[in-house]
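Report on the structure given below.
Worth saying up front: this structure is predicted, and the values here are computed from it rather than measured. Residue numbers begin at 1 in each chain, while the letters A, B, ... track the order of the sequences.
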There are 2 protein chains.
Amino acid sequence: MKMCEVLKMALQIAVLSTSRIVAEVMREIGNWPEVEVTAIVCRPQSAEKAHAWVAEYGVPAVYTDEAAAYAAGGFDAVYIGTANHLHYAAAKRALQAGYHVLLEKPFTATAAEARELFALADAKGLVLMEAITIPYLPQYAFLQAELPKIGEVRGAMASFCARSARYDDYLKGIWNTTFDPACLGGALNDMNVYNLHLLCGLLGVPGRAEYRPSCGPNGIDTAGLALLDYGGFTAAALAAKDSEGRNGMVLQGPGGYLVVEGGTNALPVVYSVLGGVRGGGTRVDGPKLERHRMAYEFAEFARIIAEKDADAEAAARMRTMRVMELLDVLHEK
Amino acid sequence: MKMCEVLKMALQIAVLSTSRIVAEVMREIGNWPEVEVTAIVCRPQSAEKAHAWVAEYGVPAVYTDEAAAYAAGGFDAVYIGTANHLHYAAAKRALQAGYHVLLEKPFTATAAEARELFALADAKGLVLMEAITIPYLPQYAFLQAELPKIGEVRGAMASFCARSARYDDYLKGIWNTTFDPACLGGALNDMNVYNLHLLCGLLGVPGRAEYRPSCGPNGIDTAGLALLDYGGFTAAALAAKDSEGRNGMVLQGPGGYLVVEGGTNALPVVYSVLGGVRGGGTRVDGPKLERHRMAYEFAEFARIIAEKDADAEAAARMRTMRVMELLDVLHEK
């Protein structure tokens with residue numbers, strides 16, 4: 001088969017879970033020619049939702065048992081969008097069954113678990129990749145290209161906050177997984193992980209880091225401030241699930257500053273302002289999203305598998321391990 | 001004299017220094033009916049600039065000697081806009097000579113110096129007030145009124161950054177006072193003091209605080225991040241004199257968030273967004289500046305003197321002491 005033909009074939013995937021993020025993928029994935037959903041795998045109690053998707057999106061198969069799904073096949077990869085605490089075991093089972101895996105953020109509970117999964121993927125000759133939007137967005141490439149123009153970075157702030165629809169329930173004592181420490185919920189894992197990917201992507205690994213959680217009644221961090229110490233400056237990254245805020249990022253240096261306006265998971269507006277002194281400067285606007293924010297990561301996952309692009313795979317793994325190791329530090333009490 | 005007549009009379013003031021901030025006051029003060037400049041006091045080497053102001057603004061007197069100016073009189077108060085390290089001694093001399101004093105921020109080098117000056121003012125029966133814009137702006141009253149609506153605060157970020165026109169000289173080894181530790185220059189004293197006044201005004205005194213300076217070649221903080229720990233959350237306040245940034249403030253809680261867009265010394269745009277859940281909410285815009293940002297503080301200074309408003313004077317003093325004590329903590333190594 002020639003490469004052009006390989007590239008034309010959509011990667012056939014099973015989706016694992018009927019969570020909100022998987023629901024969003026199902027709504028959009030029909031527009032992504034690089035991938036095709038051929039199976040839905042879920043818990044028995046979610047079968048009704050899965051069958052509704054079969055009707056709505058024309059997916060050929062539903063399984064309420066992972067082993068049965070993996071035995072039956074009909075796909076080459078599994079997209080895992082379960083609750084956070086189930087990521088590791090679900091990814092391990094899919095890899096052991098011989099499938100490539102695209103695993104939602106936050107990748108695993110610890111960097112050690114992530115390393116173990118990558119070792120398993122290597123042993124099996126499979127691609128394991130984190131489903132993280134940022135590195136694959138055209139706006140991110142713009143920020144990377146503009147970064148050297150601002151000179152030595154002297155300040156950095158990022159914020160990604162969204163008041164959960166379940167926060168009122170939480171305050172009444174009804175803990176959804178998103179606010180349950182046992183499910184690896186909380187603002188650091190769910191929201192700040194985007195700020196960390198963005199800041200580490202642009203600035204590298206901080207020398208020191210600490211987390212200032214704002215905890216709710218059950219001890220989960222419903223909000224929190226991550227402080228990344230880069231020696232010459234400290235970057236501040238705020239995330240919250242208990243409050244709305246003004247989302248975005250600013251990186252600044254003597255040559256100018258880079259701005260993200262909007263969620264750091266999608267970078268909806270990016271620009272640089274260069275050469276200002278007490279105001280002024282030249283604003284250069286970056287590109288906008290042309291596809292759904294998650295289309296890029298799915299397309300890259302499919303491309304890496306199709307082209308066996310070991311360099312891109314290694315780069316993605318490095319980004320994930322960097323953030324997982326940082327999360328380990330931030331989670332330390 | 002009846003009160004209405006007292007209020008109609010402009011407070012006659014001498015300005016001390018021909019610094020940039022005093023130059024800005026001279027350009028604007030003709031529009032402020034509450035105050036009138038009747039003397040300029042400066043160093044001999046600045047006499048030429050002072051005489052140019054005499055011609056331009058019609059000020060009757062110039063003195064190049066403070067003692068001579070204070071002996072001659074013709075004013076009731078002194079506005080002190082010298083370099084930071086000269087504030088304390090200059091204010092002390094003016095108070096000892098029997099004049100009310102409006103003293104630019106940062107007020108003094110230490111809280112102890114501030115306490116000493118306030119004690120001297122009390123002993124002399126004079127008003128001593130910090131020339132700080134924020135508490136007297138109508139936008140600040142709006143933020144105070146909106147604050148209870150956001151509920152328990154869960155996150156706060158402020159940024160006030162301006163790349164100094166003298167930063168390039170500084171990097172060449174030419175230290176202007178603004179970048180000289182001996183002159184109490186730097187980003188914390190010059191810029192972050194506004195963020196501190198704003199955050200302490202709205203949130204009160206933090207339980208703990210620390211400063212993460214970004215230092216230049218001579219050890220001055222050309223930028224820096226102040227961290228104010230309020231127990232339930234940590235507020236992050238960035239300031240820089242070496243880089244432009246995106247100035248403003250966000251305070252957020254489960255009920256919504258408050259926004260300042262623009263310099264925290266002037267609060268040019270303020271609004272609240274209440275009741276949003278994953279976006280949305282109702283935006284309420286606050287008032288805009290109707291006068292020059294400094295007109296309000298000068299008007300309040302004149303009013304407190306004219307009306308002998310001891311409560312307002314005490315409140316202003318409390319605000320200043322709170323920030324001075326916080327600056328002491330932040331300046332600790």
Derivation and outcome, side chain to side chain contact (heavy atoms under 4.5 Å, CB included), residues B:Asp242 and A:Glu152: CA-CA 10 Å; B:Asp242 57 15; A:Glu152 185 192 7; over 6 Å; no
Contact residues of residues 165-176 of chain B (partner chain A; heavy-atom separation under 4.5 angstrom): B:Ala165, B:Tyr167
Contact leader toward chain B among A:Gly232, A:Ala240, A:Pro213, where contacts are heavy-atom pairs under 4.5 Å: A:Gly232
From B:Thr222 atom OG1 to A:Phe233 atom CZ, the distance as rounded to the nearest 0.5 Å: 12.5 Å
Largest heavy-atom contact set with chain A, pairs under 4.5 Å, which of B:Gly279, B:Ser164, B:Gly280: B:Gly279
Segment of A:Ala187 engaging chain B (4.5 angstrom heavy-atom cut-off): neither
Partner chain B: residue of A:Cys215, A:Ala235, A:Ser159 with the largest heavy-atom pair count (under 4.5 Å): A:Cys215
Partner chain B: residue of A:Gly155, A:Cys161, A:Gly245 with the largest heavy-atom pair count (under 4.5 Å): A:Gly245
Check: A:Arg278 side chain, B:Ala162 main-chain N or O, donor-acceptor pair, under 3.5 Å: no
Test item: B:Glu244 side-chain N/O and A:Gln252 main-chain N/O as donor-acceptor pair under 3.5 Å: no
Proximity breakdown for A:Ile150 and chain B, heavy-atom pairs closer than 4.5 Å: neither
A:Arg20, CZ: over 12 other non-hydrogen atoms inside 6.0 angstrom: no
Pick from B:Pro254, B:Gly256, B:Ala223 with the largest number of heavy-atom pairs that fall under 4.5 Å of chain A: B:Pro254
Residue among A:Gly151, A:Gly281, A:Gly253 with most heavy-atom pairs under 4.5 Å to chain B: A:Gly253
Interface moiety of A:Leu238 toward chain B, non-hydrogen atoms closer than 4.5 Å: both
Interface residues of residues 259-275 of chain B facing chain A - non-hydrogen atoms under 4.5 Å apart: B:Val259, B:Glu261, B:Tyr271
Part of A:Val250 lying under 4.5 Å from any heavy atom of chain B: side chain
B:Leu227 side, atom CG; A:Glu210 side, atom CD - distance, nearest 0.5 Å: 7.5 Å
Residues, nucleotides or ligands: over 12 heavy atoms within 6.0 Å of B:Arg208 CZ: no
Atom group of A:Arg154 that falls short of 4.5 Å from chain B, counting heavy atoms: both
